[in-house]
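This report concerns only the one structure given below.
Quick note on labels: first sequence line is chain A, next is B, and so on, each numbered from 1. Quick note: numbers below take in every heavy atom, side chains included, and nothing from hydrogens, waters or symmetry partners.
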Protein chains: 2
Amino acid sequence: MRPLFHPAIEDVSPEAVLHALSDPSRAAIFANIMRAGCVEACSALSAVGDRVIPKSSLSNHFKVLREAGLIRSERHGIEMRNYSRWAEVNARFPGLLAAIINAYASDAGDTSRSSRTSPPG
Amino acid sequence: MRPLFHPAIEDVSPEAVLHALSDPSRAAIFANIMRAGCVEACSALSAVGDRVIPKSSLSNHFKVLREAGLIRSERHGIEMRNYSRWAEVNARFPGLLAAIINAYASDAGDTSRSSRTSPPG
DNA sequence: TCCAACAGTTCCGAAGTTCCGAACTATGGG
DNA sequence: CCCATAGTTCGGAACTTCGGAACTGTTGGA
């Protein structure tokens, strides 16, 4: 398999980054990679939580993250290792990734939305 | 026309915000509203710059921004005024909007991408 | 009241994107 | 070579986006 395409950091665009992270599954996968430093694609299946993602979709999610410049993928033997490009992206767009990951984290821990299923106890 | 739908701030989700701003036209419109404090929809036609946007698309862009919780639209006589909900959104997702607007601004002023048309002088 | 001009919205078909199961390719072990 | 594992590509259904034409709502003039 020929080497996967990774954009140079100066070709990483804000729209691609925002588009990639505007999908909660992809944001969760990316947050996981950031936390762990590195993650194998198949182990990310469980990482997204409740929702089971078919591997074709997962492959596509990794591709979108990779082509947005958010992760670097390396084949190691039989499996793919995915590393976050946090430092590079953060140097290019200071504070962007942290703010996004934070926004998702605070949203997940939020119980005050009006669409809640049951009223407060 | 009945009042337009605006989500409560606690119902504003990171994915909707990122999706709304992952379109460069919408990001430009929003950046404009932030700068000016308030903008009329039709005057935003020129605001996006080079590209002329048909009014049906423009109307849709404003709708996406409004339903993502980024702007508040009010009808004043014949025209619509659009205000940024920056303070509210910033309280909910600290630093997010500033980082995004900054990212687009630094990207626009960037001359180092490899897809440039001419080499450095 | 009727009409024209203007500001935005809605409708709807064409074009593009996303989703995911099935088939495929690449790597490693026996 | 054959099988198992890890991931990619294909292709069709479902969804989204774009934009022109027609529409609604508001103002001002006669």
Side-chain angles (χ1 to χ4, degrees), chain A residues 1-6 13 15-30 32-33 36 38-68 71-83, chain B residues 1-6 13 15-30 32-33 36 38-68 71-83:
Chain A
M1 210 172 266
R2 75 203 172 309
L4 300 157
F5 172 70
H6 294 91
S13 68
E15 56 262 43
V17 170
L18 297 185
H19 171 74
L21 297 178
S22 70
D23 181 298
S25 306
R26 280 197 294 262
I29 292 170
F30 182 66
N32 246 0
I33 295 177
C38 164
V39 128
E40 284 97 45
C42 66
S43 71
L45 273 161
S46 51
V48 181
D50 312 356
R51 196 166 142 67
V52 64
I53 301 181
K55 61 179 190 162
S56 59
S57 305
L58 199 55
S59 176
N60 189 54
H61 285 328
F62 277 97
K63 185 183 172 198
V64 171
L65 290 170
R66 192 191 314 124
E67 298 190 347
I71 63 174
R72 187 181 313 280
S73 307
E74 289 173 13
R75 184 175 294 280
H76 280 254
I78 203 174
E79 70 198 3
M80 195 75 102
R81 291 194 199 146
N82 295 281
Y83 301 90
Chain B
M1 209 173 269
R2 77 207 179 312
L4 300 156
F5 173 70
H6 294 91
S13 69
E15 56 262 44
V17 169
L18 297 184
H19 171 73
L21 296 178
S22 70
D23 180 297
S25 306
R26 278 195 295 261
I29 292 170
F30 182 66
N32 247 357
I33 295 176
C38 163
V39 128
E40 284 98 45
C42 67
S43 71
L45 273 161
S46 52
V48 180
D50 312 356
R51 197 164 142 65
V52 64
I53 301 181
K55 60 181 192 162
S56 59
S57 305
L58 199 55
S59 176
N60 190 53
H61 285 328
F62 277 97
K63 185 184 174 199
V64 172
L65 290 170
R66 192 191 313 127
E67 297 190 348
I71 63 174
R72 186 182 314 279
S73 308
E74 290 173 14
R75 182 176 293 279
H76 280 254
I78 204 173
E79 68 197 4
M80 195 75 103
R81 291 194 199 146
N82 296 281
Y83 300 90

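- In this structure, A:Arg26 places its CZ atom 11 Å from C1' of C:dC19, rounding to the nearest Å.
- Between A:Arg75 atom CZ and D:dT8 atom C1' the separation is 9 Å, expressed in whole Å.
- The residue B:Asp23 sits close only to the backbone: its heavy atoms come under 4.0 Å of sugar-phosphate atoms, none of a base.
- Across D:dA6, D:dG20, C:dG8, the shortest atom-to-atom separation from the side chain of B:Glu79 is found for C:dG8.
- Distance CG/B:Leu4 to CD/B:Glu67: 9.0 Å, rounded to 0.5 Å.
- A distance of 5.0 Å separates CE of B:Met80 from CZ of B:Arg75, quoted to the nearest 0.5 Å.
- Within the structure, a side-chain polar atom (N or O) of A:Ser59 is placed less than 4.0 Å from OP1 or OP2 of D:dT8.
- Separating the CG atom of A:Leu4 from the P atom of C:dT27 is a distance of 11 Å, rounded to the nearest angstrom.
- In this entry the distance linking CE of A:Met80 with C1' of D:dT5 reads 14 Å, nearest Å.
- Side-chain contact check for A:His61 and A:Arg26: at least one donor-acceptor pair (N or O, by modelled atom type) lies under 3.5 Å.
- Looking at which nucleotide of DNA chain C each of A:Ser57 and B:Ser57 is closest to, the 5′-most match is held by B:Ser57.
- In this structure, B:Leu58 atom CG and D:dG20 atom P are separated by 13 Å, rounded to whole Å.
- Proximity note for A:Ile78 (side chain, C-beta onward) versus D:dT5, C:dT9, D:dG7: the nearest is D:dT5.
- For the pair A:His19 NE2 and D:dT17 P, the interatomic distance rounds to 10 Å; values are reported in whole Å.
- Look at CG on A:Asn82: it is 14 Å from P on D:dA6, rounded to the nearest Å.
- B:Lys55 has its NZ atom 10 Å from the C1' atom of D:dC23, to the nearest Å.
- Counting any heavy atom pair closer than 4.0 Å across all strands shown, A:His61 reaches sugar-phosphate atoms only and no base atom.
- Residue whose closest nucleotide on DNA chain C sits further toward the 5' end, between A:His76 and A:Asn60: A:Asn60.
- Atom CZ of B:Phe62 sits about 5.0 Å away from atom CD1 of B:Ile29, to the nearest 0.5 Å.
- Here the CG-CZ distance, from A:Asn60 to A:Arg66, works out to 9.5 Å after rounding to the nearest 0.5 Å.
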